[in-house]
Q: 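What follows is a single structure, and I will ask about it in a moment.
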Amino acid sequence: MPELPEVETTCAGIGPHIVGQVLRAVDVRDGRLRWPIPENLAHQVVGHRVRCVRRRGKYVLIEFAHGGLIGHLGMTGSMRVVTTQEPPSYHDHFDLSFDQCLVRYRDPRRFGSLLWQDSPVESHALLAHLGPEPLTDDFNVDVLETACKGRKQAIKTLIMDSKRVVGVGNIYANEALYMAGINPHRQAGRVSRARLQKLVMAIKEVLADAIEQGGTTLRNFVDSEGNPGYFKQQLRVYGRAGKPCLTCSKPLKETRLGQRSTVYCGACQR
DNA sequence: AAATTCTCCTGAAGGC
DNA sequence: TGCCTTCAGGAGAATT
């Protein structure tokens, strides 16, 4: 599933092909995504020139002078550049058509989305209340401590809340909490500042590492059209329930937290 | 206001 | 081999 690194790599991958190009058509074969693709979307954007492609949280923003397309890859979405004559397959739900190429969106489970927002793009309701980007200085111990103060919510649920910080999905929340030695169930308000500092650093580290792998992940994905692949051998806890903790060798526990699989070491994480 | 639960969807994996 | 059930999950919406 696309995490922040895949979204980052997606933007980097399609940007060079379409920035400066005029969008010629939006071909929607199946607009039933998480939200239906608006019927009038093509009219608002066809004939305009792409100014930039960038990421905000896990949203892909394709911006024009007068607004922008807001894309989300959901669970199983991907955007890739293909040649104009390549025929679409079953789950290829829409194409953004340019003179020399297409940006083709594929999404078997259709949890993704494609929306339009007039300038400024970030005024859209989906973007307006997002928290800071985890890899910038805007996400720091002061911000996290304020967010946690007095909260009874589990720390894992809090760091996965995009209003607090964007881009921390289930896999990386599990990994970061393990790296910081914090039990995912611990109440957010009961984590010391020193340990929140560790958590901030762990989130930045795990995402930065994943972005380095993201390129590789996406290349594999495009080449094989198979699993996105997470280089699971590098994950310390996610997907390793029952297996020995890499620090103390005790078996890792698995629980549910907010309907999400949560794996941790009962000994190393307090 | 804060926290939890529900919801969308379909491929993969497990059970028999 | 094949059918059935269960699970996975981003994140907004609904509910408590």
Side-chain angles (χ1 to χ4, degrees), chain A residues 1-8 10-11 29-38 55-61 70-79 89-94 105-115 117 122-134 144 146-177 184-191 203 207 210 214 217 221 224-230 232 235 237-242 254-263:
Chain A
M1 59 230 68
E3 290 275 355
L4 183 147
E6 280 75 10
V7 180
E8 179 89 18
T10 294
C11 292
R29 284 176 291 274
D30 187 348
R32 297 174 302 161
L33 300 184
R34 176 167 191 191
W35 296 286
I37 296 176
R55 178 187 65 74
R56 175 71 173 105
K58 294 183 188 172
Y59 292 95
V60 175
L61 306 182
I70 301 172
H72 198 289
L73 304 180
M75 295 289 307
T76 53
S78 64
M79 284 186 194
S89 55
Y90 178 41
H91 291 299
D92 292 340
H93 302 313
F94 70 81
Y105 181 81
R106 176 179 179 82
D107 187 2
R109 294 189 194 175
R110 297 196 273 111
F111 271 24
S113 54
L114 181 70
L115 301 168
Q117 173 63 47
E122 298 213 23
S123 66
H124 193 283
L126 291 174
L127 307 178
H129 305 293
L130 291 178
E133 287 289 334
L144 187 58
T146 300
C148 289
K149 192 162 188 171
R151 310 271 168 206
K152 294 185 174 180
Q153 182 185 29
I155 185 67
K156 177 172 180 252
T157 314
L158 186 140
I159 61 172
M160 291 180 67
D161 183 344
S162 62
K163 292 189 293 298
R164 308 297 182 187
V165 56
V166 299
V168 182
N170 191 44
I171 294 172
Y172 296 127
N174 279 301
E175 296 297 310
L177 286 163
H185 294 273
R186 175 167 287 271
Q187 291 183 10
R190 298 199 169 196
V191 184
I203 288 171
L207 286 175
T217 302
F221 179 70
S224 67
E225 294 217 345
N227 299 319
Y230 270 95
K232 283 187 178 176
L235 296 176
V237 288
Y238 184 84
R240 295 193 64 245
E254 177 162 28
T255 57
R256 296 249 129 203
L257 203 41
Q259 323 302 115
R260 296 295 174 254
S261 174
T262 301
V263 187

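In what follows, every chain begins at residue 1, and chains take the letters A, B, ... in the order their sequences are listed.
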Q: Generate the contact string for nucleotides 9-16 of chain C. Rules: B means base contact, S means sugar-phosphate contact only, - means no protein heavy atom under 4.0 Å.
A: BBBB----
Q: So if I take every side-chain heavy atom of P108(A) and compare against dA2(B), dC9(B), dG11(B), which nucleotide ends up nearest?
A: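 Within the option list, the nearest is dG11(B).
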Q: Using whole Å, report how far CG of D161(A) lies from P of dT5(B).
A: 16 Å
Q: Enter the inter-axis angle for the ends of the helix from dA2(B)-dT16(C) to dC16(B)-dG2(C) (five pairs per end, rounded to 10°).
A: 50°
Q: Within this structure, what is the CG-to-P distance between D30(A) and dT10(B), rounded to whole angstrom?
A: 9 Å
Q: Ignoring hydrogens and geometry beyond distance, is a side-chain donor-acceptor pair present between S89(A) and R106(A) at under 3.5 Å?
A: yes
Q: Considering residues at least two apart in sequence or located in another chain, which fulfil the side-chain hydrogen bond (donor to acceptor under 3.5 Å, both in side chains) criterion with Q187(A)?
A: none
Q: Determine, step by step, whether D107(A) and Y105(A) satisfy the side chain to side chain donor-acceptor pair (under 3.5 Å) criterion, reporting the C-alpha distance in whole Å, the side-chain angles of both residues, the deciding distance to 0.1 Å, and the verdict.
A: CA-CA 7 Å; D107(A) 187 2; Y105(A) 181 81; 2.6 Å; yes
Q: Quick one: does any side-chain atom of R256(A) pair with a main-chain N or O of Q259(A) as donor and acceptor, under 3.5 Å?
A: yes
Q: Please identify each residue that fulfils side-chain contact (heavy atoms from CB on, under 4.5 Å) with K58(A), with sequence neighbours left out.
A: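 Here the qualifying residues are E3(A), V7(A), H72(A).
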Q: Grab the two heavy atoms, one from V237(A) and one from V263(A), that are nearest each other, plus how far apart they are.
A: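 Smallest heavy-atom distance, with atoms named: O-CG1, 3.3 Å.
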Q: Could you list the residues that satisfy salt bridge (charged side-chain N to carboxylate O under 4.0 Å, His left out) with R29(A), not counting sequence neighbours?
A: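 Counting only residues at least two positions away or on another chain, R29(A) forms a salt bridge (charged side-chain N to carboxylate O under 4.0 Å, His left out) with D95(A).
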Q: I need the CG-P distance between N174(A) and dA8(C), as an integer number of Å.
A: 12 Å
Q: Please report the distance, rounded to the nearest Å, between NE2 in H185(A) and P in dA3(B).
A: 16 Å
Q: D107(A) CG to dC9(B) C1': how many Å, rounded?
A: 9 Å
Q: Output all residues satisfying side-chain hydrogen bond (donor to acceptor under 3.5 Å, both in side chains) with E8(A), sequence neighbours left out; order by chain, then residue number.
A: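 Partners of E8(A) by the side-chain hydrogen bond (donor to acceptor under 3.5 Å, both in side chains) criterion, ordered by chain and then number, come out as R55(A).
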Q: When the distance from CD of Q187(A) to C1' of dA3(B) is rounded to whole Å, what number comes out?
A: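 After rounding, the reported distance stands at 12 Å.
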Q: Decide yes or no on side chain to side chain donor-acceptor pair (under 3.5 Å) for T262(A) and E254(A), but give the supporting numbers first.
A: CA-CA 5 Å; T262(A) 301; E254(A) 177 162 28; over 6 Å; no
Q: Judged by each residue's nearest nucleotide on DNA chain B, which is more toward the 5′ side, Q153(A) or R110(A)?
A: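 This one resolves to Q153(A).
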